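Read through the structure below, which is laid out as C-alpha cells, and then see the notes.
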Amino acid sequence: MIVRRLVIRLTLIASVLAGFAAAAIGVASGVTPNVVLLRALIAFAIVLLAGAGVGLIVMRTALRRYYEQGRIRPGDHRVPTDR
C-alpha cells in the first residue's frame with residue numbers, strides 16, 4: 001500500500017516536471033503557445049503512462065511475493081522456485 005502511494009506520487013511529480021521542462025524548452029525556442037501546450041501535454045502523458053506501467057509491474061511483483069509467502073509452511077525447508 002505504501003509502495004503504491006509512493007509510485008503514484010513519484011509518477012505525478014515526474015510527469016509534471018516533464019511537462020514544465022517541455023514547456024520551458026518550447027518557450028525558449030520561440031514556438032507558438034499552441035505548440036508549447038501540445039508538447040507539454042504530450043510529455044506529461046508519456047511520463048504518466050510510463051509511470052503507470054512501472055506501477056503495475058511493482059504491484060504484480062509485490063502481490064507475487066505476498067502469495068508466495070503464504071505457500072511456504074513452517075518447517076518446510078524447500079527453496080521456493082522462481083518461475
Side-chain angles (χ1 to χ4, degrees):
M1 195 81 161
I2 294 171
V3 175
R4 183 177 180 157
R5 281 190 242 145
L6 178 67
V7 169
I8 290 171
R9 255 189 222 139
L10 289 176
T11 299
L12 286 174
I13 291 169
S15 60
V16 168
L17 288 176
F20 279 141
I25 290 170
V27 169
S29 63
V31 297
T32 63
N34 291 335
V35 175
V36 170
L37 182 63
L38 181 66
R39 286 179 181 172
L41 288 175
I42 289 172
F44 179 84
I46 288 172
V47 174
L48 193 66
L49 290 173
V54 168
L56 288 174
I57 292 169
V58 168
M59 288 299 108
R60 178 186 166 270
T61 304
L63 283 173
R64 181 174 170 222
R65 287 186 181 175
Y66 173 78
Y67 285 117
E68 281 181 354
Q69 284 178 352
R71 280 195 276 159
I72 298 173
R73 297 182 192 109
D76 189 5
H77 298 291
R78 292 182 291 169
V79 176
T81 59
D82 204 12
R83 296 180 199 176

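Keep in mind it's a predicted model, so treat the numbers as computed, not measured.
When the side chain to side chain contact (heavy atoms under 4.5 Å, CB included) test is applied to Ile8, the partners found at least two apart in sequence or on another chain are Arg4, Leu12. Partners of Ala23 according to the side chain to side chain contact (heavy atoms under 4.5 Å, CB included) rule, which considers only residues two or more places apart in sequence or in another chain, are Val36, Ala40.
Linking ILVMFWY residues whenever their side-chain heavy atoms come closer than 4.5 Å, directly or via other members, places Leu38 and Ile46 in the same cluster. Put simply, Leu37 and Val27 are part of two different groups of oily side chains (I, L, V, M, F, W, Y) that touch within less than 4.5 Å, one to the next.
Shown here for Ser29 and Arg39, the closest heavy-atom pair between the two residues is OG-NH1, 4.4 Å. Residues Val7 and Thr11 approach most closely at O-OG1, 2.7 Å, considering heavy atoms.
Atom CD1 in Ile25 sits 13.5 Å away from atom CZ in Phe20 (nearest 0.5 Å). Leu41 contributes atom CG, which lies 11.5 Å from atom CG of Leu48 (distance to the nearest 0.5 angstrom).
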